[in-house]
Amino acid sequence: MRVMAQMGMVMNLDKCIGCHTCSVTCKQAWTNRAGMEYVWFNNVETRPGQGYPRRYEDQERWKGGWTLNKAGRLKLKAGGKAAKLLGLFASPVQPELKDYYEPWTYDYKMLVEAPLGDDFPVARPKSLITGEDTKITWSANWDDNLGGTTELGHLDPIVEKVRRESNEKIKFDYEQTFMFYLPRICEHCLNPSCMASCPSGAIYKRVEDGIVLVDQDRCRGWRQCVTGCPYKKIYFNHKTGKAEKCTFCYPRIEVGQPTVCSETCVGRLRYLGLFLYDADAVTGAASTENEQDLYEAQMDVILDPEDPRVQAEARKQGIAEDWLEAARRSPVYKLAKVYKVALPLHPEYRTMPMVWYVPPLSPVTDLLKEQGHDAEDAGNLFGAIDALRIPVEYLAELFTAGDTSKIDEVLKKLAAMRSYMRGISMGNDPDDAIPEKVGMSGEELYEMYRLMAIAKYEERYVIPQAHAEQAHDLEEMGCSLDFEDGPGMYEDSPFGEASGTPTPVAIENFYALQARQTSEEPPGAASLRGRVNLLNWDGTGRPSGLFPDPHHPAKSAEAKE
Amino acid sequence: MAPDVGVLDVVLWGVLPYLMAVILVGGLIWRYRYDQFGWTTRSSQLYESRLLRIASPLFHFGILAVLAGHLFGLVIPMSWTEAVGMSQEFYHFNALFVGGVAGIGTLGGIILLIIRRRTTGPVFMATTKNDKMMYVVLVAAIIFGLWTTLASVFLGGHGHNYRETVSPWFRSLYILQPDIGSMAAAPFSFHLHTLVGMALFVIWPFTRLVHAFTAPLHYIFRPYIVYRSRDRQQGSTPVRRGWSEVGLADRERDRR
Ligand code: HEM
Ligand code: SF4
Ligand code: SF4
């Protein structure tokens, strides 16, 4: 057993309102650069829908991920190493810009500089690739909210498959359709096929936290990883000629902050935390023959952080005590393995994805409501889950390689939680028959509810900081600070306040922001020792310390503590 | 040294090759050390794929065959091929046939590539001055190369046997005793091709062509999954001499 730690994410799809805030903030943080105009490390797809890039799930066409060869061993779907090298000169399977979309901007200058005339000036769309006028025909979320789905809905590869297998048509009529949002980032897989496809060996998995990164210096632009990733989450920067991908915001994770997409998520549906897993078991699990058993195999690779044997082994591998503690408190572990409500996206690609999803109950409840039933009643819900096969089959194609029984189980747990908690909040006695039906105790169901519905920031994001003794390796930090119990930078420095190495701005702002959001007082009262961080001052009151005490400049700071 | 060797010959065939080698090797080392980030194919397949899928393999397989042909013709002495019973005619037929096919494939490939580059808007916009200059030299080298292939067969009615002129000179360069006389005796077409070839090698380290030197053959031998530790690596470049860490003990993970 080789225990390794992996940062993972869980998204609770029922809560996603499809606002794209995560995509936009991620883009602002990481990809608003030339050559990356079309790149969305985080994108939000409406399902049913084609996804981004279009129809990326059609692996017969795109050849992403792994398959098994005749001997039952893992093999890249796009071909072995020799075949890959021979196909290097022009990649045989490679999405083009037209499979993504041609990014554009508008000629805004026209609006203010057009000469006076009878016609309104217009801001024409300009291609960001050629700079010429362009006609907008597609985008990263063109079929948002089922836009155009009556015509193009059949192009969703999952719709295709469900239709083929169930002889029943997924209806795109307004009253009969279902819809949910699927936010996607790189899965930071345990068995990444992007990495396996990279001839240069430039893509690597970090031993400490499992984050998958592209070494920009070692990448030579062969683009095999773009083909290799079945989720199409490696993008080619057409200006620099290098592949880029979601970084799991590692500079933030290293200092204990959630990723940008999680931090800004409006639905607060993302959870971050650690998994412990057995690295030696990954290849074996990924080679599981039956696709529908891959989910269970993946669960077996994930280790129980409470198990003393696992802990002992983890210590032997040099995993620090606070990381083990974080693994025990990990919300993603609880959702995936304890409550078993979070499922991996497309386990059949055999990459062992580490971003998990709680499938949405809303397709079922929406249809119930549509038909005038009580969508909170356990009986109704259980019946509907059994009756409404199409949404369930669709979800199964996404999360369990088509095994509907697992989707049923998860949806029933969610349904049970819903009606159980409704009973309680209506003042009734808890109806323990409900949790029993899904094999849980009332207490467990309540704990699950707490985690899924009302968990606070610190419970949703349990991120152990990278070790201070490694601080000199971290991107943003020039010195080692004491991160054990919060911001070490407010400690007294030996040579007066501003001595020593300066605190990186992001960290200072993060703690100040946190202080402001969680306290009633005007900002800067205590945490900044009487000083005010103007970057975060929202104008509330007049914090003392905004101006120094004219009589006792030194004393004023102390008095406020 | 043969009597009909002029100063110009000495400069061209005795000095230039070494100058070229210094620039090529030095340039590559410099680029590798200081411009890892710029070392890429700068692929344009994202913009256009249909033509590229034909043109690029055609060109690349062609140029690799041409490279192999050069090695065969320049490095292996005539006496060796004769020793294994390969007649002059047979050798020439092969050189013309294989070399010609490879050369024409290469030329056709690069012409297609250039047409694609010129006519596909986004690809043309992504073409730098450096690329254009490189293409001029590369195309010239290929065209003059094809000319020498023809010359080696048809020149003066019976063709020119470069394996008695260019090849001995080429080999002599490596033992640092350039056989300038042999090279000087070669026809003009060979002189021209050699000069343009040297020009190509001189600009090589400073163009996108560097990608050829990192052809990822090691892929065959490496495991699929790559783990790297954040601890051991400082940024993405290896630690240079003189900058190795001190105080290793404090960098070890704590195991409280
Ligand atoms: C030996 C291994 C080599 C490999 C694996 C290789 C691979 C590649 C790849 C992947 C591209 C990018 C094509 C694209 O997607 O746009 C490319 C472009 C190019 N390569 Fe190579 N190459 C090799 C050797 C060479 C050599 C020896 C030469 C020339 C002497 C060469 C000349 C070029 C040129 C001119 C281009 C630009 C093509 C264009 O887009 O117009 N390559 N190469
Ligand atoms: S999802 Fe991420 S880690 Fe997995 S194969 Fe794709 S790029 Fe690699
Ligand atoms: S920010 Fe949250 S709610 Fe909004 S689209 Fe992204 S994941 Fe969904």
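A, B, ... follow the sequence lines: proteins, then strands. Residue 1 opens every chain.
Taking the ring centre of B:Y224 as origin, the terminal cationic atom of A:K81 falls inside the region bounded by 6.0 Å and 45° from the ring axis.
For B:R50, the CZ atom is loosely surrounded, since the number of other residues' heavy atoms within 6.0 Å does not exceed 12. Taking a 6.0 Å sphere around CZ of B:R118, one finds it holds 12 or fewer heavy atoms contributed by other residues, nucleotides or ligands. Other residues, nucleotides and ligands contribute at most 12 non-hydrogen atoms within 6.0 Å of the CZ atom of B:F90. Counting heavy-atom neighbours within 6.0 Å of B:F97 CZ, excluding the residue itself, gives a total of 12 or less.
Taking each heavy atom of A:E96 and B:Q45 in turn, the nearest pair found is CG-O, 3.7 Å. B:P216 and A:L85 make their closest contact through O-CD2, 3.7 Å (heavy atoms, listed as atom of the first residue, atom of the second, distance). The minimum heavy-atom distance between B:Y219 and A:S197, with the atom names listed, is OH-CA, 3.6 Å. Taking every heavy atom of both residues into account, A:K242 and B:T40 meet most closely at CE-CG2, 3.7 Å. Residues A:I129 and B:P122 come closest through the heavy atom pair CG2-CB, 3.5 Å. Closest approach of A:P199 to B:H218, counting heavy atoms only: O-NE2, 3.5 Å.
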task: Apply the test side-chain contact (heavy atoms from CB on, under 4.5 Å) to residues A:F89 and B:L64: give CA-CA distance (whole Å), side-chain angles for both, the deciding distance (0.1 Å), then the verdict.
output: CA-CA 12 Å; A:F89 303 125; B:L64 292 182; 3.7 Å; yes

- prompt: Could you go step by step and tell me if A:R220 and B:W39 meet the side-chain contact (heavy atoms from CB on, under 4.5 Å) rule?
  reply: CA-CA 6 Å; A:R220 301 283 174 241; B:W39 196 298; 3.3 Å; yes

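Residue A:S91 touches chain B through both its backbone and its side chain, counting heavy-atom pairs closer than 4.5 Å. For A:C219, the part sitting under 4.5 Å from any heavy atom of chain B is the backbone (N, CA, C, O) and nothing else. Looking at A:L88, the atoms closer than 4.5 Å to chain B (heavy atoms on both sides) all sit in the side chain, from C-beta outward.
Ranked by heavy-atom pairs under 4.5 Å with chain A, the list B:A55, B:G121, B:P223, B:S43 is led by B:S43. Of all the listed residues (A:G80, A:G221, A:G210), the one sharing the greatest number of non-hydrogen pairs under 4.5 Å with chain B is A:G221. Per-residue heavy-atom pair counts under 4.5 Å with chain A were compared for B:L217, B:V210, B:T41, and the maximum is reached by B:T41.
Going from atom OH of A:Y204 over to atom CZ of B:R228 covers 5.0 Å, rounded to the nearest 0.5 Å. In this structure, CG on B:D35 lies 9.0 Å from CG on A:D217, to the nearest 0.5 angstrom. Here B:F37 contributes atom CZ and A:T240 contributes atom OG1; the two are 4.5 Å apart, rounded to the nearest 0.5 Å. The CG atom of A:N191 lies 4.5 Å from the CD1 atom of B:I225; values are rounded to the nearest 0.5 Å. With rounding to the nearest 0.5 angstrom, the NE2 atom of A:H238 is 12.5 Å from the CZ atom of B:R42. Rounding to the nearest 0.5 angstrom, the gap separating the CG atom in B:L46 from the NZ atom in A:K98 is 10.5 Å.
Scanning residues 61-69 of chain A against chain B with a 4.5 Å non-hydrogen threshold yields A:W66, sorted by number.
Annotation: side chain to side chain contact (heavy atoms under 4.5 Å, CB included) contacts of B:T119 (sequence neighbours excluded): B:I115.
In this structure, the side chains of A:T130 and B:F124 stay at 4.5 Å or more apart for every pair of heavy atoms.
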